[in-house]
Amino acid sequence: SPTHSWSRGESENGITTAYVMCVFAWCLYKCFIYVIYYNYFVVKTSLQLIIIEMRKIVKVFYVSLGCDKNLVDSEKMLGMLHEAHYELTDNEYEADIIIVNTCAFIGDAKEESINNIIEMGKLKETGKCRKLIVTGCLAQRYKEEIKKELPEVDMVFGMSDYKPDIIKAKRIVTTGGHYAHLKIAEGCDKYCTYCIIPMLRGHYRSYPMEDLVKEAEALVEGGVKELVLVAQETTLYGVDLYGKKMLHELLRKLCRINGLRWIRIMYCYPEEIYDELIQVMKEEPKICHYLDIPIQHASDSILKRMNRKTNRAELTERIAKLREEIPDIALRTSLIAGFPGETEEDHEELMEFIDEIEFTRLGVFTYSAEEGTKAAEMDGQVQEEVKEERRDRLMELQQEISSDLSQSQIGKVMTVMIEGKVADENAYVGRTYMDAPNVDGYIFVNTDEELMSGDFCKVKVTGALEYDLIGELVQ
């Protein structure tokens, strides 16, 4: 019928129209998806480029405080920042971000860290600083206190926050490029009663030997000629990973690195020095005849209160053996004056021991009571002026010893690493195998020749000061 025919035609037209609309919608959808995807890609790519460019122009000023172990952490953090395209600056007034890597080992170190944080915080008003970040030992121990008491600080990171990322980071060496520290382990299990390191750094953990060798190879490739091995305790290296002491094996592997001239060992606990270590020092010419053995005291009663694992007789025997096996060995130590319970008799016994042993190098710290340590709760706390007086007497004795030892070097020809030039003089500053960087003495080398930092040369000793030597270049 006409009605039926009309309805059929209307239906067919409707289907055609719907089909066209679906095709149009599908095309519109594809265009929409394309535009969205294109814009997302462009926007994402642009944002990435902007972030990278922002990082390139963000300047970071870095303050590293405390020990050489902390310095290694700082150098690795600098490397991470550089790889993330931040620009490093040595001008704090230009910095957008300031990072302070702190120390909290003793009271003076904590005070220095806090003062630096406060000084850097002022640059938020007088400089360009937008963010102040605090990390390191002080941040590990006093994170909440820093947040509460120092509002100028924007972020606080303890060592536990960054250790997994920092261990294998590529370093930016800040020591001049000709020497660097190689941290071979972290933490400590000795639990001396005066020390907070186990609380801050945790249990003793050796770094895998293959990782250390790779790090050392990279450092030498970058120009390093002297490696200074550091840890809270170097002589125990490997006991946790390999089931026995392996410092001697690590040393042998390091000695095979071409271009490396000197290896120096610091922080050796005297009771842990073992025969294989002595033997490798005798056999490998790259290993300096130098050991840093912090004894802290020589009175048996004080050593026991300190929870040290040795006594005066054992110290005397171990030092005698070292000097018998390696006659020209230079021995450095550190002492604590005024430990709780230290009597005048204890101090005199220490003075007598130092006079008898005649360490090549020696440093003395006054005892600092650290909260959370057993020693801080002990009876017999020594007055500050007494601590300082005992420290001064020890240093006066060492000054005499050092002067005599320096005089005995006159006339000898020694291998010297050049550190730098004396301003406005035909003379250079260098170090012998007997001198660790930043803690020991120097030799001043008179010459008209042009030398560079990191050069090794033969020098004849012509004069001596209390802690330093004077010499002339041997042609």
Side-chain angles (χ1 to χ4, degrees), residues 46-174 183 186 196-197 199-202 370-372:
S46 299
L47 282 173
Q48 288 174 335
L49 291 173
I50 291 169
I51 289 170
I52 290 173
E53 288 304 313
M54 284 179 64
R55 283 180 173 175
K56 283 184 178 178
I57 63 171
V58 171
K59 294 185 178 182
V60 179
F61 179 75
Y62 200 101
V63 181
S64 184
L65 304 173
C67 66
D68 39 31
K69 281 87 68 181
N70 217 34
L71 178 63
V72 173
D73 291 344
S74 294
E75 291 178 343
K76 291 188 176 184
M77 282 188 259
L78 287 172
M80 293 172 69
L81 289 167
H82 178 71
E83 289 177 356
H85 304 288
Y86 289 94
E87 182 179 336
L88 305 177
T89 178
D90 57 3
N91 185 342
E92 61 267 38
Y93 292 97
E94 294 181 353
D96 302 288
I97 298 173
I98 296 177
I99 303 173
V100 183
N101 191 10
T102 59
C103 178
F105 183 55
I106 58 176
D108 289 345
K110 288 188 285 188
E111 184 177 350
E112 181 186 22
S113 294
I114 293 169
N115 288 339
N116 268 271
I117 294 169
I118 293 171
E119 285 301 310
M120 293 300 106
K122 293 177 181 177
L123 294 174
K124 284 190 166 184
E125 298 177 359
T126 61
K128 292 176 58 181
C129 179
R130 302 199 308 267
K131 295 289 184 182
L132 177 59
I133 301 171
V134 176
T135 186
C137 291
L138 192 77
Q140 177 73 19
R141 193 176 188 196
Y142 299 107
K143 180 180 288 188
E144 296 307 316
E145 289 85 346
I146 291 172
K147 290 179 179 178
K148 181 180 178 181
E149 302 296 333
L150 298 170
E152 60 267 45
V153 176
D154 297 287
M155 300 179 189
V156 184
F157 297 104
M159 284 91 66
S160 58
D161 295 319
Y162 60 68
K163 277 299 173 189
D165 298 324
I166 201 173
I167 291 173
K168 295 184 179 181
K170 187 176 180 181
R171 290 165 59 181
I172 292 181
V173 176
T174 61
K183 184 160 69 168
E186 186 64 90
I196 62 168
I197 292 300
M199 288 181 274
L200 295 177
R201 298 273 180 174
E370 297 303 315
E371 58 184 293

(Q) I'd like to know whether E152 forms a side chain to side chain contact (heavy atoms under 4.5 Å, CB included) with I118, so could you lay out the CA-CA distance, the side-chain angles of the two residues, the decisive distance to 0.1 Å, and finally the verdict. (A) CA-CA 8 Å; E152 60 267 45; I118 293 171; 4.1 Å; yes

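- The only member of L88, T89, N91 that meets side-chain contact (heavy atoms from CB on, under 4.5 Å) when paired with K59 is T89.
- For the pair K122 and E119, the salt-bridge criterion is met [side-chain N within less than 4.0 Å of a carboxylate O].
- Taking each heavy atom of C137 and R201 in turn, the nearest pair found is SG-NH2, 3.6 Å.
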Q | Check against side chain to side chain donor-acceptor pair (under 3.5 Å), S113 and T102 | A | CA-CA 5 Å; S113 294; T102 59; 4.7 Å; no

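- Here the side chain of D154 pairs no donor or acceptor atom with the backbone of I133 at under 3.5 angstrom.
- One distance of note links NZ of K143 with OG1 of T135; it measures 9.0 Å at 0.5 Å rounding.
- Looking only at distances, a side-chain donor or acceptor of E75 sits under 3.5 Å from a matching main-chain atom of T174.
- The pair K183-D73 counts as a salt bridge, with a side-chain nitrogen and a carboxylate oxygen less than 4.0 angstrom apart.
- Nearest heavy-atom pair across V63 and M120 is CG2-SD, 4.2 Å.
- Note that CG of D90 and CZ of F61 are 7.5 Å apart. Values are rounded to the nearest 0.5 Å.
- More than 12 heavy atoms of other residues, nucleotides or ligands lie within 6.0 Å of NZ in K124, so this atom counts as buried by the packing criterion.
- Within the model, atoms CZ of F157 and CD of Q140 stand 12.5 Å from one another, a figure rounded to the nearest 0.5 Å.
- Applying the side-chain contact (heavy atoms from CB on, under 4.5 Å) rule to E112 yields the partners L65, N116; only residues at least two apart in sequence or on another chain are considered.
- Rounded to the nearest 0.5 Å, atoms OH (Y93) and CD1 (I98) are 9.5 Å apart.
- Every residue was checked against the side chain to side chain donor-acceptor pair (under 3.5 Å) condition with K128, not counting sequence neighbours, and none meets it.
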